2 protein chains.
Amino acid sequence: MASSRGVRHDSMRARNLAVVLGEIRAAGPLTRAALAELTGLTKTTVSKLVSDLLDAGVVVENGAVRDGERGRPGVAVSLSGHRIATLGLEVNVDYLAACVVDLTRTVRVRRVRPADNRGSRPEAILADLRELAGQAVADAERAGLRITGAALAVPGPVQDGLLRNAPHLGWRDIGVAGQLGLHDLACEVDNEANLAALGELWFGSGQSDFLYVSGEIGIGAGLVVDGSLFRGTYGLAGELGHVVVVPDGPACRCGGRGCLEVYAGQDALLGAVVPMRGRVAALPGAAAALPAASASIDGLVSLLEAGDRAALAAAGQAGEALGLALTSAVHLLDPGTIVLGGVFARLFPWVERPASDVLSARLRQMRRTPPRVAMSAIGADAAVLGAAGLAMQRVLADPAGVLAL
Amino acid sequence: MASSRGVRHDSMRARNLAVVLGEIRAAGPLTRAALAELTGLTKTTVSKLVSDLLDAGVVVENGAVRDGERGRPGVAVSLSGHRIATLGLEVNVDYLAACVVDLTRTVRVRRVRPADNRGSRPEAILADLRELAGQAVADAERAGLRITGAALAVPGPVQDGLLRNAPHLGWRDIGVAGQLGLHDLACEVDNEANLAALGELWFGSGQSDFLYVSGEIGIGAGLVVDGSLFRGTYGLAGELGHVVVVPDGPACRCGGRGCLEVYAGQDALLGAVVPMRGRVAALPGAAAALPAASASIDGLVSLLEAGDRAALAAAGQAGEALGLALTSAVHLLDPGTIVLGGVFARLFPWVERPASDVLSARLRQMRRTPPRVAMSAIGADAAVLGAAGLAMQRVLADPAGVLAL
DNA sequence: GGATTAAGTCCACAATCTGCACATAATCCT
DNA sequence: AGGATTATGTGCAGATTGTGGACTTAATCC
């Protein structure tokens, strides 16, 4: 219920530019005539707007199309990747990353710097990141791109631009964007899971309604409904990792008991398998520690591929627990489909079946078809890419404002 | 990502009318000068817009205000309850209801007709409801009101205007609005829980961020974020009743096991107390049936007031189970506060404490303050009132379109 | 090669908001 | 009291933007 401002002539024009640009983005190359049809504006107006967009280098004409019968062929316009681009950044536990993405969703620059950021001082890490960002921007500018915005993914909940609590970095209440200090470049900050969901939206399978499950060291999720992110009241929605799976299960670092993270977090997967009552415990040996080879997710995948029994049990249990948490999530959030990312994408062959089975068994009566559980189409870069995508959303939502048209 | 239409002159005006009207609604009586300040429009424009709103009977001038220092006093305008009103309707298991609400949120007409709609034929019930609606509209018209829209609350999930499944009515896939057949009056249909949440928003404690928990025969919830309802992808969000509380608990009618409804639904409260592992079962006698006096919620309240042990245990357990489900809901939905309505409002004194205790124990590390658990300020009419409120939202969102300004 | 069809542009016109001037109505100050 | 001051609300010319129909352009059809 934020008090909204009135519409003036310039905002009318700004809005129409955004509408036209949005239609070009959504429906591929389009002629001016088709745009007039789609937007309800007249051909005259569309012509003028498109002309401005061409001047700004946001769109290009790609030659005549004679898609149909007789009559003068139209000239299709589509997004241009030559001028406008945005910067995505990420701080995570063991690396820093930056990328530059153009309007056509092509990744133009990608830089990753391994680092051990556990328990680090924010100032030092953010100085490193600023340097990395500077390199990425320089690369992009050499390619003739203009960076119009940036966003930063961090491994923890963000409220009002403040990183509340990143347990694995040991950071609390850090005004990240301010300390990063990108000169002249607005930089939004958001949760890794939220931005990874936007990554899936922009660079993934092309759906616009899904719940992205981000299994990194913690487990988070980002819900996309009709192409936009649901953030909840304080921006803290989607904490799938702490959904209750077993009410009197083992303690979780969040203060609760039997959260999803206890059963399907990285610690649980990498050896510290916690039996869910009467299930895994019944499989002899499953509750024991896994062989040493599973000290990393790579190791675990090798064990699973080799058919190691304890590893299979661990993955199966994680899948079941995930299915239980997703059942609650489906009832509460009503996602279109479910996309497993991060660790769960790597473990997909072993995790998907148990999770789907739990989900469909429990949802059978309530929905004719339970949401499909799919694997994320993009890999570990989801969050950085999504950060660039978020910055790009700003351009598309208000090209006039961002580009000073 | 619905393809959006361009802005033309008339839509600019329509939007500005809505902006001005919205500001008057949100910030009480306001002078034209204050409106100009708030909306960013000029005094001239505001004057013209307000003049149209006065002509339409949507707002009234309420005399000069000399709120401050020197200078000519302004004339404040505020919403008028004299002309515009909307109709709220509800079909529920044991009654039909209709109400008429004016722009100032005053309930002008209220009609309830007890009925036993279990396993009934939709045609018959909806014909009764049409009659009731007709009476309410006639009452309103006698009072000089003009009904500009309607909405209908039904006890089950609604998708694309179709009532999917109302287990207690025995209805499946009913195009309710069509069968109701209100001539010339657009009628939206939505879930009882969603509309009760809007009821709380419009007629309750004045907050605009909360999760309304609707404990009727089933348990549902409606999330309001910044004054608007979150519906999920298919309009099925908020099914709190089937959030998993105990993964291997007793079977629920939804096909799942250990859902919240099993522990805190009306059946559970009225005698069929199902022990949650190792908790209630430990209280001797709690798992047994309650005395016969508890065949209704009224009876249960009497027992609780009399200090009946089994009843107290049942309410306490329901509260705990509710707390567990709400924990998951808070992590996923991030509501501002939690408002208990329906049965849980009546049982508030016995249910709130255990629910809050579970919630704060489990959220302690993740949030500085867990969401407050409050009692709904409005009673059993929440859903009908909310239905009228939804119809009113349409008027406020587009006064020009609805009132043909 | 002329008729037909459709895309894109040009130009006069219409809708809406802006900015400033001005009338109005109160308080403040002498 | 009466004039100065201050702020509200309205009238009028002007600016911005979209509209609608006529016109030009470029293709296919016959």
Side-chain angles (χ1 to χ4, degrees), chain A residues 4-20 23-24 29-55 59-78 399-401 405, chain B residues 4-20 23-24 29-55 59-78 399-401 405:
Chain A
S4 48
R5 314 278 301 167
V7 179
R8 311 161 63 143
H9 283 125
D10 49 341
S11 36
M12 173 163 69
R13 185 162 189 78
R15 185 80 226 290
N16 282 340
L17 278 166
V19 167
V20 168
E23 216 62 52
I24 293 173
L30 287 168
T31 66
R32 292 165 175 80
L35 281 167
E37 180 83 14
L38 284 167
T39 59
L41 298 167
T42 59
K43 285 190 294 172
T44 311
T45 305
V46 168
S47 262
K48 275 190 280 192
L49 295 169
V50 166
S51 156
D52 283 3
L53 293 173
L54 283 168
D55 288 350
V59 300
V60 284
E61 297 191 321
N62 16 336
V65 280
R66 88 199 126 281
D67 68 313
E69 314 309 297
R70 46 177 171 253
R72 171 178 170 177
V75 177
V77 295
S78 58
L405 281 183
Chain B
S4 49
R5 315 277 300 167
V7 179
R8 310 163 61 144
H9 284 127
D10 49 342
S11 36
M12 174 162 69
R13 186 165 189 76
R15 185 78 226 290
N16 282 340
L17 278 167
V19 167
V20 168
E23 216 62 52
I24 294 173
L30 288 168
T31 66
R32 292 166 175 77
L35 281 167
E37 180 84 15
L38 284 167
T39 59
L41 299 166
T42 60
K43 286 190 293 174
T44 311
T45 305
V46 170
S47 261
K48 277 190 280 192
L49 295 170
V50 167
S51 156
D52 283 3
L53 293 173
L54 284 168
D55 289 348
V59 301
V60 283
E61 297 192 319
N62 13 336
V65 281
R66 86 198 126 281
D67 67 312
E69 315 309 298
R70 46 181 171 248
R72 171 178 171 179
V75 178
V77 296
S78 58
L405 281 183

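Given the structure is predicted, the values throughout are model-derived calculations rather than measurements. Lettering of chains follows the sequences in order, A, B, ..., and the numbering in each one begins at 1.
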On DNA chain C, check which nucleotide each of A:Arg8 and A:Ala33 is closest to and give me the residue with the more 5' one.
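Checking each residue's closest nucleotide, the 5'-ward one belongs to A:Ala33.
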
Taking the nucleotide of DNA chain C with the closest heavy atom to each, which residue, A:Ser47 or B:Thr45, is nearer the 5' end?
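Its nearest nucleotide being more 5', the pick is A:Ser47.
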
Side chain of B:Lys43, heavy atoms from C-beta onward: which of D:dT10, C:dC17, D:dT19 has the nearest atom to it?
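Among the listed nucleotides, the one closest to the side chain of B:Lys43 is D:dT10.
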
Name the closest nucleotide to the B:Thr42 side chain, picking from D:dT19, C:dA25, C:dT18.
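Closest nucleotide to the B:Thr42 side chain: C:dT18.
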
Between the base of [N] and the side chain of [X], is there a donor and acceptor pair under 3.5 angstrom?
| X | N | answer |
| --- | --- | --- |
| A:His9 | D:dT17 | no |
| A:Arg72 | C:dA6 | no |
| B:Thr44 | C:dG19 | yes |
| B:Thr31 | D:dG9 | no |

Distance check needed: [N] [atom2] versus [X] [atom1], whole Å only.
| X | N | atom1 | atom2 | result |
| --- | --- | --- | --- | --- |
| A:Arg32 | C:dG8 | CZ | P | 6 Å |
| B:Met12 | D:dT19 | CE | C1' | 13 Å |
| A:Leu41 | C:dG8 | CG | C1' | 15 Å |
| B:Arg5 | D:dG18 | CZ | P | 15 Å |
| A:Leu30 | C:dG8 | CG | P | 11 Å |
| A:Glu37 | D:dT19 | CD | P | 14 Å |
| A:Lys48 | D:dG18 | NZ | P | 7 Å |
| B:Leu35 | C:dC17 | CG | P | 14 Å |

Mind running side chain to side chain contact (heavy atoms under 4.5 Å, CB included) on A:His9 and B:Met12 for me, showing each step along the way?
CA-CA 8 Å; A:His9 283 125; B:Met12 174 162 69; 3.7 Å; yes

Does any part of the side chain of A:Ser78, heavy atoms only, come nearer than 4.5 Å to the side chain of A:Val60, both counted from C-beta?
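Result yes, sub-4.5 Å side-chain heavy-atom pair found.
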
I want to check something: taking the side chain as every heavy atom from C-beta on, are B:Val75 and B:Thr31 in contact at a cut-off of under 4.5 Å?
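Of all side-chain heavy-atom pairs linking B:Thr31 with B:Val75, none is under 4.5 Å.
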
Tell me, with the steps shown, if B:Val19 and A:Arg5 meet side chain to side chain contact (heavy atoms under 4.5 Å, CB included).
CA-CA 7 Å; B:Val19 167; A:Arg5 314 278 301 167; over 6 Å; no

Under 4.0 Å from any atom of DNA chain C, heavy atoms only: list the residues of residues 13-20 of chain A that qualify, in numerical order.
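Within residues 13-20 of chain A, no residue comes under 4.0 Å of DNA chain C.
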
Who are the side-chain contact (heavy atoms from CB on, under 4.5 Å) partners of B:Ala400, not counting sequence neighbours?
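Per chain and number, B:Ala400 pairs via side-chain contact (heavy atoms from CB on, under 4.5 Å) with B:Ala14, B:Leu17, B:Asp398, B:Leu405.
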
Select base, sugar-phosphate, or nothing to describe what A:Val75 touches, counting heavy atoms under 4.0 Å on all strands.
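Sugar-phosphate only.
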
Using side chain to side chain contact (heavy atoms under 4.5 Å, CB included), reason through A:Asp52 and A:Arg13 one step at a time and then give a plain yes or no.
CA-CA 11 Å; A:Asp52 283 3; A:Arg13 185 162 189 78; 2.8 Å; yes

Listed pairs under 3.5 Å, donor-acceptor, residues 34-44 of chain B side chains, sequence neighbours left out:
unit_1: B:Thr39; atom_1: OG1; unit_2: B:Leu35; atom_2: O; d: 2.8
unit_1: B:Thr39; atom_1: OG1; unit_2: B:Leu41; atom_2: N; d: 3.2
unit_1: B:Thr42; atom_1: OG1; unit_2: B:Thr45; atom_2: N; d: 3.3
unit_1: B:Thr42; atom_1: OG1; unit_2: B:Thr45; atom_2: OG1; d: 3.0

